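For the single chain, residues carry numbers from 1 onward in sequence order. Here the structure is a predicted model, which means the values were calculated and not measured.
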Amino acid sequence: MRNKGNLRLSLLASAAMGLIVAQPALAADFSRGGSLRIGISQMAPSPDPVVTTFGVNWITASIACEGLFATDESWTPQPMLADSFKYNDAGTELTVTLRDGLTFQSGAPLTATDVVASLQRFRESAGIGASFKAVTTGITAVDARTVKFELTSPTPIVPGLLAGAQAVIMSANSLKGASPTEATRGLDCTGPYSLTNYQPDQGATLKRWDGYKSRSEPSSAGAGMKHAYADDIELRLMPEASVRRDSLITGDIDIAMELPTDFHDALQSTPDTEAIVVPNNQSLAVVFNTKSGVAADVNLRRAIYYALDMDPIMLASVGDPQFYTLDPSWIPDPNSFWYTKAGVPDGFGTSQADKVKKYLAASHYHGEPIRWLVASEQYQKHYLTAITASQQLEKFGIHVDIVQSPMANYIQQRSNPAGMDAFSSFLPTYVDPTSIAFLNATYPGFWSDPTKMDLMQKIATTLDANARKKIFEQIHALAYDQFPFIKYGTEANMYGVRKGVGNPQRTPARQYDFYNVAPPSK
């Protein structure tokens, strides 16, 4: 029989790595060589993933960098730079041993000092970094290959928090002068491709790094072996979706990301292209400023929810019912352990006039305009959902002022409680509820309800997975009572590829694993 200390350690480890063990997705045996040319809709001012919570800006770092852990296709964290990890008997310390012989793309060896520097910076960043800070009191380098995390209490969530793009490990030397809000000058990482060129107004080029040392396990989304089929990966900035589509059809690019679903038939009828539909990709939502301003009134938010008819909103945004579902769960992928519909009111997706009148009467709303931010240049869906929702709200005397901004201004404005009342956003599936940015009190929206904060503390410190699921169901139900954010539905993601592209992404967990995608043969 195992002693109690070892049993406790085993429980922590199994909780950290999740309950679901999926069969890994095996990449086919494709030949190496060629360029993989990808048309993308936007680029961040910097490739540094730490300085923004906006997930699509993490694409470059997802190709060039790695963290201690990575997420597989079942949304479960698996070791990446970590060789092994263990908890002490009390569950208050997590020790991670690094894989031996790894180097950065600069040639410097990967050491525990680099891990500490990277994760101390991540710990002070917004979003998931704040969640990581809340469960750790310190990070130290025990020796060159060993890192110790001191935990506020026993918690299984650290590997999941460290599996995202913001928690990648960069060399300590490359972080000099950087901060959680000040970007690095480049990326000095351990991934299969090194960044050779980055121009925010044009694109980026990444070249296969011959010094890369891959894991040996089968590929599974961001975990396991990375094949690095392409000699180089080109990210080409093409903000207009029609330009990405046309460039794909003419053969100027191999992959066209984020295409409207009304391009589906054209791509399918073109001999050399394929439209790929990835179901259960992300939620479309509006996030409210719960800290100050007109939307801080919970009864107004309730009235807004019951005023909305979700099907026309999703139809206006997505364009075809076959590419979305009116699913209320804040976990878009039903394959996730965390998927739930707890607390969802009856009649999700339909307007209920009697409840609108009830909550408006209980609110302090007197017709003030709701300042609603959208980044319509990069995301037309931001605008389409907002304008359709605003038209529905006007019928009940709820007025909306839609503020269209470039992405940089949108990100800046939404971070200022005095600068907005609501903003359009997306929500993908996360590895753990503690990683969901919307639930962090520092995330724009600033939902800091005491009950929610207490539940988030409990879920972060509870070891049993089923007990954690029940806590998350309470959080989910609370969100459907207070409506700090409102979900319209779950959309599929559609993008296009040239025929011959090998192993393209077909599941939401894969996201940006372009190192496992092979260019078409020329």
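Leu110 is not listed as a side-chain neighbour of Glu66, based on a closest heavy-atom distance of 4.5 Å or more. Between Arg121 and Thr184 there is a side-chain heavy-atom pair separated by less than 4.5 Å. In this structure the side chain of Met80 reaches within 4.5 angstrom of the side chain of Lys226, judged on heavy atoms. Two residues are said to be in side-chain contact when any heavy atoms from C-beta on lie closer than 4.5 Å; Ser214 and Tyr515 fail this criterion. Counting heavy atoms from C-beta outward, Trp338 and Trp75 have side chains that stay 4.5 Å or more apart. Residues Trp209 and Thr103 are in side-chain contact: their nearest non-hydrogen atoms beyond the backbone lie under 4.5 Å apart. Here the side chains of Tyr443 and Arg414 are in contact, with some heavy-atom distance below 4.5 Å. Side-chain contact check for Asn280 versus Pro334: some heavy-atom pair is nearer than 4.5 Å.
The closest donor-acceptor contact from the side chain of Arg236 to the backbone of Asp252 lies under 3.5 Å. At distances below 3.5 Å, at least one donor-acceptor pair connects side-chain atoms of Asp231 with backbone N or O atoms of Gly34. In this structure, Asp72 contributes its side chain and Ala221 its backbone to no donor-acceptor pair below 3.5 Å. Between the side chain of Thr290 and the main chain of Phe446, a donor-acceptor pair closer than 3.5 Å is present. Side chain of Arg208 to main chain of Ala230: a donor-acceptor pair is present (N/O by atom type, distance under 3.5 Å, no hydrogens or angles). Panel note: side chain Ser118, backbone Met170; a donor-acceptor pair is recorded below 3.5 Å. Between the side chain of Arg215 and the main chain of Gly224, no donor-acceptor pair closer than 3.5 Å is present. No donor-acceptor pair closer than 3.5 Å links the side chain of Arg510 to the backbone N or O of Glu73. Checking side-chain atoms of Arg244 against main-chain N and O of Pro239 turns up a donor-acceptor pair under 3.5 Å. A donor-acceptor pair is defined here as one N or O able to donate and one able to accept, closer than 3.5 Å; no such pair exists between the side chain of Arg99 and the backbone of Asp83.
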Check against side chain to side chain donor-acceptor pair (under 3.5 Å), Asp143 and Thr146: CA-CA 5 Å; Asp143 56 39; Thr146 309; 2.8 Å; yes
Under the side chain to side chain contact (heavy atoms under 4.5 Å, CB included) criterion, do Leu119 and Phe149 qualify, and how do the steps go? CA-CA 10 Å; Leu119 296 184; Phe149 299 87; 3.7 Å; yes
Go through Leu36 and Ile255 one step at a time and tell me if the side chain to side chain contact (heavy atoms under 4.5 Å, CB included) criterion holds. CA-CA 8 Å; Leu36 186 65; Ile255 299 176; 4.0 Å; yes
Side chain to side chain contact (heavy atoms under 4.5 Å, CB included) between Phe472 and Ile331: does it pass, once the steps are laid out? CA-CA 11 Å; Phe472 179 61; Ile331 304 299; 3.9 Å; yes
Applying side chain to side chain contact (heavy atoms under 4.5 Å, CB included), run through Gln511 and Trp58 and close with a yes or a no. CA-CA 10 Å; Gln511 295 184 336; Trp58 303 339; over 6 Å; no
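Other residues, nucleotides and ligands contribute at most 12 non-hydrogen atoms within 6.0 Å of the CZ atom of Arg185. Within 6.0 Å of the CD atom in Gln412, the count of heavy atoms belonging to other residues, nucleotides or ligands does not exceed 12. Atom NZ of Lys469 is surrounded by more than 12 heavy atoms from other residues, nucleotides or ligands within 6.0 Å.
In plain terms, the two heavy atoms of Pro444 and Val287 that are nearest each other are O-CG1, 3.6 Å. Summarising the geometry of Ala460 relative to Pro156, their closest heavy-atom pair is O-CD, 3.9 Å, with the distance given to 0.1 Å. Here the shortest heavy-atom pairing between Tyr198 and Ala44 reads OH-O, 2.8 Å. Nearest heavy-atom pair, Thr434 versus Ser131, reported as atom, atom and distance to 0.1 Å: O-OG, 2.9 Å.
Here Asp232 does not pair with Lys207 in a salt bridge; the nearest charged N to carboxylate O distance is not below 4.0 Å. We find that Arg123 and Glu150 are not joined by a salt bridge, their nearest charged nitrogen and carboxylate oxygen being 4.0 Å or further apart.
With hydrogens and angles left out, the side-chain atoms of Asn493 and Gln282 include no donor and acceptor closer than 3.5 Å. Side-chain contact check for Ser435 and Asp432: no donor-acceptor pair (N or O, by modelled atom type) lies under 3.5 Å. A donor and an acceptor atom, one from each side chain of Ser405 and Gln413, are located under 3.5 Å apart. In summary, the side chains of Asp464 and Asn466 do not present any donor paired with an acceptor at a separation below 3.5 Å, with no hydrogens or angles considered. Donor-acceptor pairing under 3.5 Å is recorded for the side chains of Thr111 and Asp114. One side chain, Ser171 or Asp188, offers a donor N or O that lies under 3.5 Å from an acceptor on the other. Inspection of the Ser329 and Asp327 side chains reveals no N or O donor paired with an N or O acceptor under 3.5 Å.
Ring orientation note: the planes of Tyr410 and Phe423 are nearly perpendicular, at an angle over 60° on the 30°/60° scale.
In summary, the aromatic rings of Phe514 and Tyr193 are positioned with their centroids too far apart to meet the 6.0 Å limit. With ring centers used as reference points, Phe485 lies under 6.0 Å from Trp447.
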